[in-house]
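This report concerns only the one structure given below.
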Amino acid sequence: MRTLLSILIANALAMSGSVYAADSDAQKIAELKQQLADLTEEIDIINSRVDKNERHTALDRLEITGDFRTKAHSLHYQNVTWNPAIKVDFNDFGAKAMSGAFGMPNDPNSPLGQMMAANPDLAAAFQSGMLQGVMPYVLAPKTTQDINNDIFYTTRLRLNLKAKVWDNVSFAGRLSMYKNWGDSTGVQVFDSWRSFTMDGTNSGNTSGDWLRVERAYFDWKNIGGSNTYLSIGRRPSTYGPPTQYRENEKRGGTPSGHLVNFNFDGLTLGYKLGEITGIEGQVVRFCYGQGFESQWGNGEMFGDIVTKDTHLGGFNIDAINDGNHFLQFTLFGAKDINDGFKGTMAFPTQLAGIFAPTMYQDMQKFSNFNFQTRVQPSGVIGDMYLGGIGYAYESDEDFKVFASFGWTRAEGNGNAGMFGGMLSDAVFEAQLNADGSEIIMMPSAADDNDTKDGYGIYVGIQIPAPYGKFGLEYNYGSKYWTPFTQAQDDPIGSKLATRGHVAEAYYMFDINPRMFIKLAGLYYDYEYTGSGTPVGAPQKVDDVIAGSAFSMLPVVDTAYDINASLVVNF
């Protein structure tokens, strides 16, 4: 384009010289030269615009934006108690022992004799008839301590990808890296249900210095000229309303963030109902996804499958979304939930001492080594249902207030793995190992399969303040409250999954429209154990600390997180 325009100008100048050479009128020649100069300047402007559009067409088919966050935490935990035990059916144990199935108790080489010799207190209690029915079998002495991690740094990088495929088809994705300083192993020691790397929580756990595909999906809008749209792929199911306020972001996900902050693959079929009702932003969506694949690559051989695929489905309705008022309803179910997910973890040395004594003997020779292992669930434990209603108001002056109510229901089927069944504990029975040389305890069933309902509330306010904004939030979860928010990246644990109370205060300082500093503090007061997992019966934290209740994993009484972060959007 530039070359063509230059040739035209040159020809015009040449022609002007031939035409006016014989003309003695200098004024006319000067006027023509000025006109040519003005024309040249105008052509240069047009040329620059054309070049810009050409570059945009050639290079900008994929739009890349992102954000970078660095954050410093001071983490403090009070009364961290470990009091591990399992429930054992001692009537079953006694019947098998009396029948001779485990050998003679006075034979030091028999499985029963070896067990009694290794556990003299158990032997004395058994011989005196104190062990009857289902009772706790204590695995290790109770310990309680405070833990302080005075400084904990993290870095998060997220790259947003957008591309227009056609007039009504677009693609969107997000690549994310989230790591703590000084560690890119991507593997944590298993001390809680959020501490192992798995598909649904990778974006919210410090999983290393590599980019993961957090989101990747297409939107097909106005299908056949209707108000219907279809979206398929790795879903935008994190940082949904109203959790975006504490992140200082726009709405990040479709479902209620009070109920769902979890990566999954699936589809959404939606209809813009507001085009008919006249209510701005009214959308009805049917969502479907798969949370677990039970057969492909699950570690089991020759079709010996004990797990099932976990399927999720339900409705998400934006009843009002007009820029000031937002009202949302959510209802969905998860069928065939297993007692865990596929993931990787570093095996805790303490658990090796309990469950693998021969391995533990070897591990003591390498006290600073943990072996990394891939874990998977052991069976289906039941179904879950979740529902909620959320409302938010945003004024034109940037004042925001919200309230959300959530409900969860767990329907167990009586099955249980090592850590329990659906919000229930496992009952263990004694049996011989494969070669008949050792008595081992294996989970046989859940201690109950009753339906359990939980509820959670979440409220908050954000107001304009000097140089930025100030916010207060509070949430509470009941004994059986079990949302799918494990990908929330709070280091202590998803605050919205807490069975107990959490209070948060923050101040955001705007450096410029694309950069801010956030100072925040969170205080957790746990009432029941097992926050964030449907596996195992919740126990009162005070009872675990007192020694009258037990937990296979460490239990936190109270905790607080004081943090400061710097966020840059680009």
Side-chain angles (χ1 to χ4, degrees), residues 67-73 75 77 147 149 151-159 174-216 234-240 243 246-247 249 252-253 257 259-265 291-292 310 338 340-348 370 372-377 419 482-498 502 520 522 524 530-535 553-554 556 559 561 563 565 567:
D67 61 82
F68 174 86
R69 185 189 74 188
T70 184
K71 199 168 187 177
H73 300 263
L75 308 175
Y77 308 77
I147 299 175
N149 187 346
I151 191 66
F152 175 70
Y153 295 108
T154 62
T155 294
R156 186 187 71 185
L157 171 66
R158 301 188 301 191
L159 299 179
R174 183 155 80 186
L175 308 179
S176 65
M177 179 207 76
Y178 184 42
K179 70 180 298 292
N180 56 286
W181 290 15
D183 179 17
S184 289
T185 62
V187 180
Q188 302 176 54
V189 173
F190 181 52
D191 60 6
S192 66
W193 283 101
R194 71 175 308 276
S195 63
F196 65 100
T197 301
M198 62 182 184
D199 181 63
T201 64
N202 284 340
S203 64
N205 277 348
T206 52
S207 51
D209 62 352
W210 55 89
L211 287 170
R212 296 179 179 272
V213 180
E214 180 185 349
R215 300 175 179 181
R234 190 155 174 81
R235 308 305 303 147
S237 53
T238 53
Y239 302 101
T243 63
R246 69 191 293 253
E247 301 292 331
E249 297 176 346
L259 290 169
V260 179
N261 195 322
F262 196 87
N263 300 116
F264 71 93
D265 306 291
F292 179 80
T310 301
N338 299 274
F341 295 88
K342 301 174 186 176
T344 55
M345 69 176 186
F347 194 78
N370 286 96
Q372 179 179 335
T373 184
R374 181 184 185 274
V375 294
Q376 68 179 51
F419 288 92
T482 313
F484 291 175
T485 61
Q486 294 90 339
Q488 196 170 33
D489 64 5
D490 302 314
I492 290 177
S494 166
K495 76 167 193 171
L496 294 179
T498 300
V502 180
L522 292 88
Y524 295 71
S531 294
T533 175
V535 182
L553 295 174
V556 178
D561 172 7
N563 60 79
S565 57
V567 179

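On a predicted model such as this, the values are computed, not experimentally measured, just so you know.
What you find for Gly208 and Lys179 is that their closest heavy atoms are O-CB, 3.5 Å. Scanning all heavy atoms of the two residues, the minimum distance from Val502 to Thr498 falls at CG2-OG1, 3.5 Å. Summarising the geometry of Ser203 relative to Ser176, their closest heavy-atom pair is CB-OG, 4.1 Å, with the distance given to 0.1 Å. Here the shortest heavy-atom pairing between Arg69 and Glu247 reads NH1-OE1, 4.1 Å. The minimum heavy-atom distance between Pro554 and Asp191, with the atom names listed, is CD-O, 3.5 Å. Here the closest non-hydrogen pair linking Pro483 and Leu496 is CG-O, 3.6 Å.
Annotation: the span from Trp193 atom CH2 to Phe419 atom CZ amounts to 5.5 Å, rounded to 0.5 Å. For the atom pair CZ (Phe152) and NE2 (His73), the distance works out to 6.5 Å, reported to the nearest 0.5 Å. Between the CG atom in Leu157 and the CG atom in Leu175 there is a gap of 9.0 Å [rounded to 0.5 Å]. For the atom pair OG1 of Thr155 and CE of Met177, the computed distance is 5.5 Å after rounding to the nearest 0.5 Å. The distance from atom CG of Leu159 to atom CD of Glu214, rounded to the nearest 0.5 Å, is 11.0 Å. For the atom pair Asn370 CG and Met345 CE, the distance stands at 10.0 Å (nearest 0.5 Å).
Note on Lys495 versus Asp490: no salt bridge recorded, every NZ/NE/NH1/NH2 to OD/OE distance being 4.0 Å or above. A salt bridge links Asp489 to Arg156: one of the charged nitrogens lies within less than 4.0 Å of a carboxylate oxygen. Salt-bridge annotation for Arg158 and Asp67: present, with a side-chain N of the basic residue lying under 4.0 Å from a carboxylate O of the acidic one. Residues Asp199 and Arg234 are paired through a salt bridge, judged by an N-O separation under 4.0 Å between the basic side chain and the carboxylate.
Side-chain contact between Gln486 and Phe484 is present, with at least one heavy-atom pair separated by less than 4.5 Å. Looking at heavy atoms from C-beta onward, Phe341 lies out of side-chain contact with Val375 at the 4.5 angstrom threshold. At a threshold of 4.5 Å between non-hydrogen side-chain atoms, the residues Gln372 and Thr344 count as touching. You'll find the side chain of Lys342 reaches within 4.5 Å of the side chain of Phe292, heavy atoms only. Residues Leu522 and Asn563 have side chains in contact (heavy-atom distance under 4.5 Å, counting atoms from C-beta outward).
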Checklist entry - Can Asn261 and Tyr239 be said to form a side chain to side chain contact (heavy atoms under 4.5 Å, CB included), step by step? => result CA-CA 6 Å; Asn261 195 322; Tyr239 302 101; 4.2 Å; yes

Checklist entry - When you look at Val567 and Lys71, which way does the side chain to side chain contact (heavy atoms under 4.5 Å, CB included) test go after all the steps? => result CA-CA 9 Å; Val567 179; Lys71 199 168 187 177; over 6 Å; no

Checklist entry - Are Asp183 and Trp181 close enough, and set up right, to give a side chain to side chain contact (heavy atoms under 4.5 Å, CB included), and what steps lead you there? => result CA-CA 6 Å; Asp183 179 17; Trp181 290 15; over 6 Å; no

Next on the checklist: Quick one, Thr482 with Thr533, criterion side chain to side chain contact (heavy atoms under 4.5 Å, CB included). Give me CA distance, side-chain angles, the key distance, then yes/no.
Outcome noted: CA-CA 6 Å; Thr482 313; Thr533 175; over 6 Å; no

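The backbone N or O of Phe262 lies less than 3.5 Å from a partner atom in the side chain of Ser237, making a donor-acceptor pair. Side-chain N or O atoms of Ser195 include one that pairs as donor or acceptor with a backbone N or O of Ser192 at under 3.5 Å. With hydrogens and angles ignored, the 3.5 Å screen pairs a side-chain donor or acceptor of Tyr524 with a backbone N or O of Gly493. Asn338 places no side-chain N or O within 3.5 Å of a backbone atom of Gly340 that could act as its donor or acceptor partner. Distance alone, capped at 3.5 Å, places no donor-acceptor pair between the Ser207 side chain and the Gly186 backbone.
Considering only residues two or more places apart in sequence or on other chains, Thr373 meets the side-chain hydrogen bond (donor to acceptor under 3.5 Å, both in side chains) condition with none of them.
For the residue pair Asn180 / Thr154, no side-chain donor-acceptor distance below 3.5 Å is found, with atom types taken as modelled.
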